[in-house]
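Per chain, numbering begins at 1; letters A, B, ... match sequence-line order.
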Number of protein chains: 2
Amino acid sequence: MQANQSVADVMTFREREYKCGIDITLAVVGGKWKASILWHLAQGTMRFSDLQRQFSDTTRKMLTQQLRELEEDGLVYRKVYAQVPPKVEYSLTESGRSIHPILEQMCSWGKQFLKESS
Amino acid sequence: MQANQSVADVMTFREREYKCGIDITLAVVGGKWKASILWHLAQGTMRFSDLQRQFSDTTRKMLTQQLRELEEDGLVYRKVYAQVPPKVEYSLTESGRSIHPILEQMCSWGKQFLKESS
DNA sequence: ATACTGAGTACCTTTTTGGTAACTATGAGA
DNA sequence: TCTCATAGTTACCAAAAAGGTACTCAGTAT
């Protein structure tokens, strides 16, 4: 069996080095879709296919990847139902919920910023 | 003269599309060093060489690049003194300062998060 | 004449990220 | 028996971001 470079051995935030908390936060939500995923999941538990609908401009692969990294970092909880066809539900953990205020601020700052500079 | 892919024609946040403010914010501070640069500049005006000392594990080139993008996005102000050897000072603009509360939150969330998950 | 200085730029390589398409599993329904 | 559905995985490729090294420019000090 060969070593593979799949989702499973992506470096989690714990294995890196940081000089300040900002880097940690960015490592966790800095991915292209992660912040948005957390933002959407704040509305409640969602199935993979729900998320796919919300993020229609990304691929299954990307979604899976980002979700798995969020899971590894302990921000989302993934519940697999042993049934066919498969059913998988995603929801926020306590940590995932605790970042919400930051996302809110980022959202309003971003909108404000765009308004001011146009 | 050939087209070149240097700092000058990196896409600024204005040229992209966003679905929500979060993406805008990430586009602006999501670069590997940008948030930290803004964080440090909050202490006051700095010369390029001051920043180089703070970010000793990155290269002049990376610093320049990130600073230029921040300048293009209107978060930092770059003042060049017409003297030799050159002197260039960087400081935050109003927009640059307005993002500080978010950085603070990110900093403390990150530290807290690391503590909880170790 | 030469070396030094700060703040870069040019050119190239490596690493990371994103995308496409094909493949999987398993039970239900036709 | 064949196809459909969901939630993936995998291999392969392209694009973007990051990194490294060498070079520049124009005064000033030696």
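Closest approach to the Thr59(A) side chain among dT9(D), dG19(C), dG8(C) is made by dG19(C) (side chain taken as heavy atoms from C-beta onward). For Arg47(A), whose side chain is taken as the heavy atoms from C-beta onward, the closest listed nucleotide among dT21(D), dT6(D), dG8(C) is dT6(D).
Atom pair Arg60(A):CZ and dG18(C):P shows a separation of 17 Å (rounding to whole Å applied). Rounded to whole Å, the distance from CD on Glu71(A) to P on dG8(D) is 10 Å. Rounded to whole Å, the distance from CE on Met62(B) to C1' on dT16(C) is 13 Å. Between Gln52(B) atom CD and dG6(C) atom C1' the separation is 8 Å, expressed in whole Å. With rounding to whole Å, Lys87(A) atom NZ is found 15 Å from dA5(D) atom C1'. Whole-Å rounding puts the Glu69(A) CD to dT17(C) P distance at 7 Å. The distance between atom NZ of Lys32(B) and atom C1' of dA18(D), rounded to the nearest whole Å, is 7 Å. Protein atom CZ of Phe55(A) is 15 Å distant from nucleotide atom P of dG8(D), rounded to whole Å.
Taking for each of Thr58(A) and Val84(A) the nucleotide of DNA chain C with the nearest heavy atom, the 5'-most of the two is the partner of Thr58(A). Between Arg78(A) and Pro85(B), the residue anchored nearer the 5' end of DNA chain D, judged by the nucleotide with its closest heavy atom, is Arg78(A).
Taking only side-chain nitrogens and oxygens, Arg53(A) never comes nearer than 4.0 Å to OP1 or OP2 of dT6(D). Contact check, Arg68(B) against dT9(C): a side-chain N or O comes under 4.0 Å of OP1 or OP2. For dA18(D), one of the phosphate oxygens OP1 or OP2 lies less than 4.0 angstrom from a side-chain nitrogen or oxygen of Gln66(B).
Among Trp33(B), Phe55(B), Tyr90(B), the single residue meeting the ring pair (Phe, Tyr, Trp, His ring centres under 6.0 Å) criterion with His40(B) is Phe55(B).
Thr58(B) places no side-chain N or O within donor-acceptor distance of the main-chain N or O of Leu63(B), the cut-off being under 3.5 Å.
With salt bridges taken as basic N to acidic carboxylate O contacts below 4.0 Å, none links Arg47(B) and Asp50(B).
There is a path of hydrophobic side-chain contacts, each under 4.5 Å, that joins Leu38(B) to Met46(B).
Contacts of Ser49(A) with the nucleic acid, taken as non-hydrogen atoms under 4.0 Å apart, involve only primed sugar atoms and P, OP1 or OP2. Counting any heavy atom pair closer than 4.0 Å across all strands shown, Tyr81(A) reaches no nucleic acid atom. Counting any heavy atom pair closer than 4.0 Å across all strands shown, Trp33(B) reaches sugar-phosphate atoms only and no base atom.
A donor and an acceptor atom sit less than 3.5 Å apart, one in the side chain of Lys61(B) and one in the base of dG20(D).
Other residues, nucleotides and ligands contribute at most 12 non-hydrogen atoms within 6.0 Å of the NZ atom of Lys111(B).
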